[in-house]
Participant: 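Take a look at this one; I'll ask things after.
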Amino acid sequence: MVGGSETSHPKHVAGDMRNLLKSYHQNDTIDFKEIVDFHYHFEAIHPFQDGNGRVGRLILFKECLAYNVIPFVIEDEFKFFYYRGLKEYPRVKEFLLDTCLSAQDNFKIMLDYFSK
């Protein structure tokens, strides 16, 4: 359990991760929504004892770069919305998607500033 949400049982983590990766790589195209969906499922598996959020967000950032999606960073001011988005994702995907889109908008502003 993490934050009141059930995660994969330790003996199922390896299989759950294999299934997640297989499913993700079977997508014909990877876009913003698929990357965020992968992130949610990675966090739901919770493969490590500590650092899952940091590792998951790093993978999310890397996947954005790999698939030419504007990357983003979840800043502290958005953490509450990010955690709510993860918790509610099975019921209301838009909470997490909108939080990530807002973070992406902020990152785009920074990219634009440094590209001048």
Side-chain angles (χ1 to χ4, degrees):
M1 296 285 285
V2 173
S5 298
E6 192 168 332
T7 61
S8 290
H9 187 279
K11 70 180 178 182
H12 297 134
V13 166
D16 290 348
M17 285 301 299
R18 267 192 303 278
N19 291 337
L20 174 60
L21 290 168
K22 181 179 178 184
S23 173
Y24 181 68
H25 290 295
Q26 286 179 343
N27 285 311
D28 292 333
T29 59
I30 304 287
D31 63 14
F32 176 82
K33 285 184 179 180
E34 278 78 25
I35 294 169
V36 172
D37 187 71
F38 176 88
H39 177 69
Y40 163 75
H41 286 94
F42 175 87
E43 296 298 332
I45 293 170
H46 212 76
F48 307 112
Q49 184 173 351
D50 189 33
N52 290 280
R54 289 182 298 268
V55 171
R57 289 187 299 275
L58 183 61
I59 293 169
L60 191 147
F61 193 91
K62 177 246 179 232
E63 288 300 290
C64 285
L65 293 175
Y67 290 100
N68 205 26
V69 172
I70 295 172
F72 55 94
V73 174
I74 303 296
E75 297 182 28
D76 285 342
E77 66 188 89
F78 292 111
K79 288 284 176 133
F80 170 80
F81 299 106
Y82 167 73
Y83 291 131
R84 179 190 68 173
L86 288 173
K87 184 171 181 58
E88 297 294 331
Y89 192 80
R91 194 174 63 79
V92 184
K93 292 181 177 16
E94 289 76 19
F95 287 153
L96 183 59
L97 290 169
D98 289 349
T99 298
C100 293
L101 284 168
S102 292
Q104 192 181 50
D105 288 345
N106 290 339
F107 201 83
K108 176 82 169 88
I109 290 167
M110 186 174 60
L111 289 173
D112 290 344
Y113 175 80
F114 284 108
S115 68
K116 294 179 184 179

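No hydrogens, no waters, no symmetry mates; every other heavy atom, side chains included, goes into these values.
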Participant: Check whether L58 and F48 end up in the same hydrophobic cluster, where Ile, Leu, Val, Met, Phe, Trp and Tyr are linked by side-chain heavy atoms less than 4.5 Å apart.
Facilitator: no
Participant: Could you tell me the separation between the CD1 atom of I35 and the CD1 atom of I30, rounded to the nearest 0.5 Å?
Facilitator: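 It is 7.0 Å, given to the nearest 0.5 Å.
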Participant: For the aromatic rings, using the six-membered ring if either is Trp, is the centroid distance between F107 and F61 under 6.0 Å?
Facilitator: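 Yes, the ring centres sit under 6.0 Å apart.
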Participant: Supply the atom-to-atom distance I109 CD1 to N106 CG, rounded to the nearest 0.5 angstrom.
Facilitator: 5.5 Å
Participant: Enter the distance from H41:NE2 to L21:CG here, rounded to the nearest 0.5 Å.
Facilitator: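 Separation between the atoms: 12.5 Å.
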Participant: Verify the neighbour count for atom CD of Q49: are there more than 12 heavy atoms of other residues, nucleotides or ligands below 6.0 Å?
Facilitator: no
Participant: Distance from D16 atom CG to H9 atom NE2, nearest 0.5 Å?
Facilitator: 11.5 Å
Participant: When you check the side-chain N and O atoms of D37 and Y89, is any donor under 3.5 Å from an acceptor?
Facilitator: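 Distance-only check passes for D37 and Y89.
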Participant: Between atom OG of S102 and atom CD of E77, what is the distance when rounded to the nearest 0.5 Å?
Facilitator: 10.0 Å
Participant: Quick check: are there more than 12 heavy atoms from other residues, nucleotides or ligands sitting under 6.0 Å from CG of D112?
Facilitator: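 For D112, atom CG is crowded (more than 12 foreign heavy atoms under 6.0 Å).
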Participant: Would one find more than 12 heavy atoms of other residues, nucleotides or ligands at under 6.0 Å from atom NZ of K33?
Facilitator: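 Check fails, neighbour count at 12 or below.
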Participant: With ring centroids as reference points, do F38 and H25 lie under 6.0 angstrom apart?
Facilitator: no
Participant: When hydrophobic residues are tied together by side-chain contacts of less than 4.5 Å, even through go-betweens, does F72 share a cluster with F80?
Facilitator: yes
Participant: Same cluster or not: F95 versus F32, using hydrophobic residues (I, L, V, M, F, W, Y) connected whenever any side-chain heavy atoms lie under 4.5 Å apart?
Facilitator: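 Cluster IDs for F95 and F32 differ.
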